[in-house]
Amino acid sequence: MADLEQRIEHIKEKFEEIFASPPEVIVRAPGRVNLIGEHTDYNDGYVLPVAIDRDILIAASKSSDSIFHLYSDNFDRIATFSLDNIQRDTENKWSNYPRGVAWMLQKRRKQIGPTNMVIHGDVPLGAGLSSSAAFEVASAMAFQVLYGFEMTGEEMALLCQAAENKFVGVNCGIMDQFISRLGSKDHALFIDCRTLESSPVPLPSEEVKVVVADTTRKRGLVDSEYNIRRAQCEEAVSILRSYLPHIRALRDVTVSDFRRYGHQLPPTVRRRAEHVITENERVLKSTEALRHGKLSIFGRLMNQSHESLRDLYEVSCRELDVLVEAAWKIPGVYGSRMTGAGFGGCTVSLVANEAVDEFLERVPEDYKARIGITPQVYVCTPSDGATVIA
Ligand code: GLA
């Protein structure tokens with residue numbers, strides 16, 4: 001990965017080359033990895049993600065004609081559109097993220113105008129590290145700096161989520177956009193996805209690293225299975241409401257409520273609900289543990305989260321399980337689990353600093369021996385959420 005300074009220089013030069021003047025603004029928005037709290041965000045629950053040092057950079061200026069000109073440096077493609085007719089682009093799919101954000105801003109009556117952009121990203125695509133959310137948030141930041149509308153970080157995260165739900169057509173929760181906008185360096189971010197209250201939790205980098213391992217299996221099935229899981233959670237709530245009339249989402253069901261009434265649910269729906277209810281509890285406990293430096297407890301809860309996603313929520317796959325098992329074998333790995341929506345994508349591990357080298361050597365070896373391909377492994381530095389660079 002080229003370092004940030006070099007990438008900034010590169011994107012500036014590209015912008016000048018294409019638009020014959022320097023950009024008015026450069027912004028960056030990071031990808032993310034979730035430490036714990038999977039499939040809880042759309043159940044009004046809790047999550048604990050980290051913004052990573054992989055990001056989308058956008059250089060932008062107001063356009064002198066009435067057209068938006070977008071250049072993707074990664075794909076070497078140009079896409080154009082105008083504000084009075086924003087449509088989804090089936091050829092340049094990457095351009096749907098800034099289009100969706102512009103469309104949503106208009107719907108919310110925020111004044112924006114035609115814009116020139118050069119986009120360059122180093123978040124791996126389709127790996128479950130939220131390159132889409134990073135692109136949406138970077139687009140929204142660029143528009144905000146150029147056109148000066150008022151919008152808090154929380155509002156921007158919600159707007160970007162709405163763009164993804166309503167324009168791009170993916171029914172995601174709030175986690176990815178929220179952490180990309182509001183993450184903070186050296187910290188994970190505890191988010192209550194109902195109230196949108198959040199608080200940073202320090203990650204002791206002198207002791208541990210967050211290591212991401214990519215199965216390199218593209219996440220097939222993910223959209224359809226994701227929607228099925230969401231529907232099953234809603235079904236659980238509607239059945240349990242007969243016994244617990246106050247509940248609005250699985251977030252409101254406690255583990256002891258579930259022990260009392262869980263048997264009222266059909267078996268599959270029951271397993272899904274059990275995952276979400278216990279996962280919320282694990283997020284609360286693990287956040288507490290991290291705040292007190294109890295990394296072993298934190299790691300155990302990560303491992304339990306993986307087992308629950310594998311056995312109850314059924315969103316893991318062989319590649320993810322093999323990567324996680326390879327990590328579990330290494331002394332000094334506090335915990336390891338699949339991260340993100342599942343069905344491929346990445347695992348996240350919390351690794352003692354002195355065990356990182358062994359991890360980097362043995363996990364890929366082990367995975368290669370069992371799956372036949374070499375995974376990508378990244379030691380991540382928890383970074384700030386979206387920032388204006390220049
Ligand atoms: C995807 C979605 C998030 C969240 C996770 C699962 O990353 O975009 O909103 O639901 O899956 O935790």
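Keep in mind the model is a prediction, meaning the values are calculated, not measured. Order of appearance sets the numbers: ligands from 1, and atoms from 1 within every ligand.
Distances between N or O atoms of Asp176 and those of ligand 1 include at least one value under 3.5 Å.
Atom numbering of ligand 1 starts at 1 in the shown order; those under 4.0 Å from a heavy atom of Gly173 are 9 (O). Short contacts between ligand 1 and Met175, defined as distances under 4.0 Å to a heavy atom of the residue, involve ligand atoms 4 (C), 5 (C), 12 (O). Listed by number with element, the atoms of ligand 1 under 4.0 Å from a non-hydrogen atom of Ala341 are 1 (C), 11 (O). Residue-ligand proximity, Asp41 to ligand 1, at heavy-atom distances under 4.0 Å covers atoms 3 (C), 4 (C), 9 (O), 10 (O). Counting the atoms of ligand 1 from 1 in the order shown, those under 4.0 Å from a heavy atom of Tyr42 are 10 (O).
Ion pairing between Arg270 and Glu274 fails under the 4.0 Å rule for side-chain N and carboxylate O. A salt bridge links Glu325 with Arg370: the closest approach of a Lys/Arg side-chain nitrogen to an acidic carboxylate oxygen falls below 4.0 angstrom. Taking a cutoff of 4.0 Å between a charged side-chain nitrogen and a carboxylate oxygen, Lys329 and Asp366 qualify as a salt bridge.
Residue contacts with ligand 1 include Arg32, since one of its heavy atoms falls under 4.0 Å from the ligand.
At distances below 3.5 Å, at least one donor-acceptor pair connects side-chain atoms of Arg230 with backbone N or O atoms of Asn171.
Of the candidates Asp53, Asp122, Asp55, Asp55 is the only one forming a salt bridge (charged side-chain N to carboxylate O under 4.0 Å, His left out) with Arg28.
If you look at Glu279 next to ligand 1, there are no close heavy atoms at all, none under 4.0 Å.
A donor-acceptor pair shorter than 3.5 Å cannot be found between the side chains of Ser305 and Arg300.
Using a 4.5 Å heavy-atom cutoff, the side chains of Lys166 and Trp103 are in contact.
For atom 10 (O) of ligand 1, the choice among Phe178, Tyr313, Tyr226 with the nearest heavy atom turns out to be Tyr226.
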